[in-house]
Each structure stands twice: as structure tokens, then as C-alpha cells.
2 protein chains.
Amino acid sequence: MNAPALTKNQALVFEVLEKADGPLSAYTILDKLRDHGFRAPLQVYRALEKLLEYGVVHRLESINAFVACAHPDQNCHSHGIVAFAICESCGHVMEFHDHEVDHRLMDWTRGKKFKAEKTTIEIRGLCEACAA
Amino acid sequence: MNAPALTKNQALVFEVLEKADGPLSAYTILDKLRDHGFRAPLQVYRALEKLLEYGVVHRLESINAFVACAHPDQNCHSHGIVAFAICESCGHVMEFHDHEVDHRLMDWTRGKKFKAEKTTIEIRGLCEACAA
DNA sequence: ATCGCACACGTTATAGCATAACGCAATTGA
DNA sequence: TCAATTGCGTTATGCTATAACGTGTGCGAT
Ligand SMILES: [Zn+2]
Ligand SMILES: [Zn+2]
Ligand SMILES: [Zn+2]
Ligand SMILES: [Zn+2]
């Protein structure tokens, strides 16, 4: 899915996520956009839905939060499963891809004839700075 | 963490999960236990907290639900990361382990000096029966 | 024995996350 | 022009999870 021009609301939500130094919940985004006229959660969720579809934002399932894609130039959807390491202390997120992991999981699903649609890989723990 | 004898509430919650043929939300569990005196979400969440700690129940982050461990005899905590394939049509869950995947993720975290505490791997899609 | 502590439990209230359902306006394409 | 699509705003609601308080019970230390 390639990203068409963003609408006003989509651009606002995306900008907030890009500027943030970590993942944000939908309601946190809402609060940051009240000055721009946002009043209701749906305004955020609807924008997020599109941004996720375009692949420019990722959802972190294990913490109910959203983060701008760390690889804006590439197309995340095109190079396999996206994995995240989430620091539970400072909140920073590292996004990475590992084709070998993709391969192993694909092997498993093929063996089980399971049709994978969306795979979540999230490692929670402490980043180097916080573990010290 | 080895499981000590379960308390009454813990046993009731575990029994519900074991008998279910798929993951259940905490509130669904609550409803199933109203006849046994359960009245409030906390009764379920407190039991789940312990069952998760003992490793006999897993939490599916991507669907906010809980499932009994599929390997009751083994100790899931002892053989690496637990991965799940979740059918979005029939709700069935397959639990598996792949040491090669564990290895790759561990390699990555070591390289980044990230101290992993808990890793989530969840594949959502369609099981063989439902994909047909 | 009784004090202190840990733990499970019950209850009420609240916080946090997400969507349903309605209507309106602008765009597009037949 | 008409119908279909898409985005938007608003209100209301539903689902998920925890805070805060108090009770009772078991158990080891004094
Ligand atoms: Zn990305
Ligand atoms: Zn950190
Ligand atoms: Zn297990
Ligand atoms: Zn299925």
C-alpha cells in the first residue's frame, strides 16, 4: 500500500507521531491535537487506521500504542515482518527486520497450512542505556 | 516459576480456560463464573496474574485474551519464546516454539545490548480449515 | 498467645482503550 | 444529474484494566 497525499487529520496525527520520541496512545495523540480542533477519539482512530494501512505508522499491540515507522524511505510492508524492541523504562522503540526470522515463521505456517495475515513481534525489556 | 497449589479462584479461572476451545477475554471468563460467585473483574484479573506468573496461562496481546498453555506437562517458561498462530475466523490458537527464531532475536538483542524481558510473537490469519 | 506480616479475597469506583451509529459535506465518475 | 465513495464531526456506548479501601486467614517470630 503506497501512501497517497494525507488528509489534514491524517497529516496532523502523523506529525505528532513523528515528533514524538516514543510510542503514543491514541488518547495522548488526541490531547496533543486539541488545540488543532480535535475533540473526539474517532478523529484520531480514523486517521490512524489509514496511516497503518499506508504503512507509515505501526501499532504496538503489547502496549496499545502507535509509533511512526522508523524507515520512512523504504516501504516497510515490502521487506517482511516488522519487529520491535520496546524499552519499558524510557519508552524508546527500536524497529528492525530479520529475514531469517520471517523465514522460520513462514516455514512453520506453511507446514501447518496456516495463512498468515499479520504477524506481531515485540520484545519488551530494557534498552542499553536503561539496563546499565 | 513452578505452580504451587491453586487457590479456589485461580482454579476456577484455569478450569474455564482449559475447557474453552479458544482464547477468552477476562470479561468472558467473568461471565462464565458468575454462577460460582464471581462478581467483579478484579477477581478474574487477580487470578490471571498468578496463572500467568506460573506459566500455565498465556496472554495474547494482539487480541486482549487469555489461553491455557498447550503444553501442560512441559514448563513453557523453560524452552524459550512462545509463539502463537491465531485464526481470526474460528478463533483457534496454535502454540509453538522455535529455537531458531529465539536465537535470531537473542542475537539481535545482544548486538543492541537490549535486555529482553518478555517477547511476544503472534501470527494472525486463517487456519487450514478456515482458509479453504 | 499475640503481634506482625504476607496473601488471597470482596467491593466500589475509576481510568484507559476502542467502536457503533448517525448525519453532513466534498469528490468523483457514470 | 445522480449515485457511490470518502472524510469528517458528534454523541453515545462498549470493552479492557487497575486504584483504593477494607476483611479475613494462616503462620512464623517474639
Ligand atoms: Zn516500519
Ligand atoms: Zn530505555
Ligand atoms: Zn505454553
Ligand atoms: Zn480457523
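Distance check: Cys87(B) SG to Glu117(A) CD gives 10.0 Å after rounding to the nearest 0.5 Å.
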**Message:** Please evaluate residues Arg124(B) and Thr119(A) with respect to the criterion side chain to side chain donor-acceptor pair (under 3.5 Å), reporting the C-alpha separation (whole Å), side-chain torsions for both, the decisive distance (0.1 Å), and the verdict.
**Reply:** CA-CA 6 Å; Arg124(B) 292 188 300 301; Thr119(A) 296; over 6 Å; no

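A heavy-atom distance below 4.5 Å is found between the side chains of Cys90(B) and Cys127(B).
Regarding Leu48(B), its CG atom lies at a distance of 15 Å from the C1' atom of dC9(C), rounded to whole Å. Rounded to an integer number of Å, the gap from CD of Gln43(A) to C1' of dT11(D) is 12 Å. Residue Phe38(A) contributes atom CZ, which lies 14 Å from atom C1' of dT10(D) at whole-angstrom precision. Whole-Å rounding puts the Leu12(B) CG to dA8(C) P distance at 15 Å. The distance from atom CG of Leu6(A) to atom P of dC8(D) is 10 Å, rounded to the nearest whole Å. Computed from coordinates, the Glu53(B) CD to dC7(C) C1' distance equals 12 Å when rounded to whole Å. If you measure from atom NZ of Lys8(B) to atom C1' of dT25(D), you get 16 Å, rounded to the nearest angstrom. The CD-C1' distance, from Glu49(B) to dA19(D), rounds to 13 Å in whole Å.
Here Thr7(B) reaches the OP1 or OP2 of dC9(C): one of its side-chain N or O atoms lies under 4.0 Å away. Dashed line: the shortest gap from a side-chain N or O of Lys50(A) to OP1 or OP2 of dG7(D) is under 4.0 Å.
Between Phe84(A) and His58(A), the ring center distance clears the sub-6.0 Å criterion.
Of the candidates dG7(D), dG9(D), dA20(C), the closest approach to any side-chain atom of Leu42(A) belongs to dA20(C).
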N/O to N/O distances under 3.5 Å, protein versus nucleotides 14-18 of chain C:
from, atom 1, to, atom 2, distance (Å)
dA18(C), OP1, Arg59(A), NH1, 3.0
dA18(C), OP1, Arg59(A), NH2, 2.4
dA18(C), OP2, Tyr45(A), OH, 3.0
dA18(C), O5', Tyr45(A), OH, 3.4
dA18(C), N7, Tyr27(A), OH, 2.8
dA18(C), N6, Tyr27(A), OH, 3.2

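Between Glu53(B) and Lys50(B) there is a salt bridge, since a side-chain N of the basic residue sits under 4.0 Å from a carboxylate O of the acidic one. In this structure, Glu100(A) does not pair ionically with Arg104(A), as no charged nitrogen and carboxylate oxygen lie closer than 4.0 Å.
Residues Thr120(A) and Glu122(B) have side chains that never bring a donor and an acceptor to within less than 3.5 angstrom of each other.
Across all strands shown, Arg46(B) has heavy atoms under 4.0 Å from base atoms, whether or not it also approaches the sugar-phosphate.
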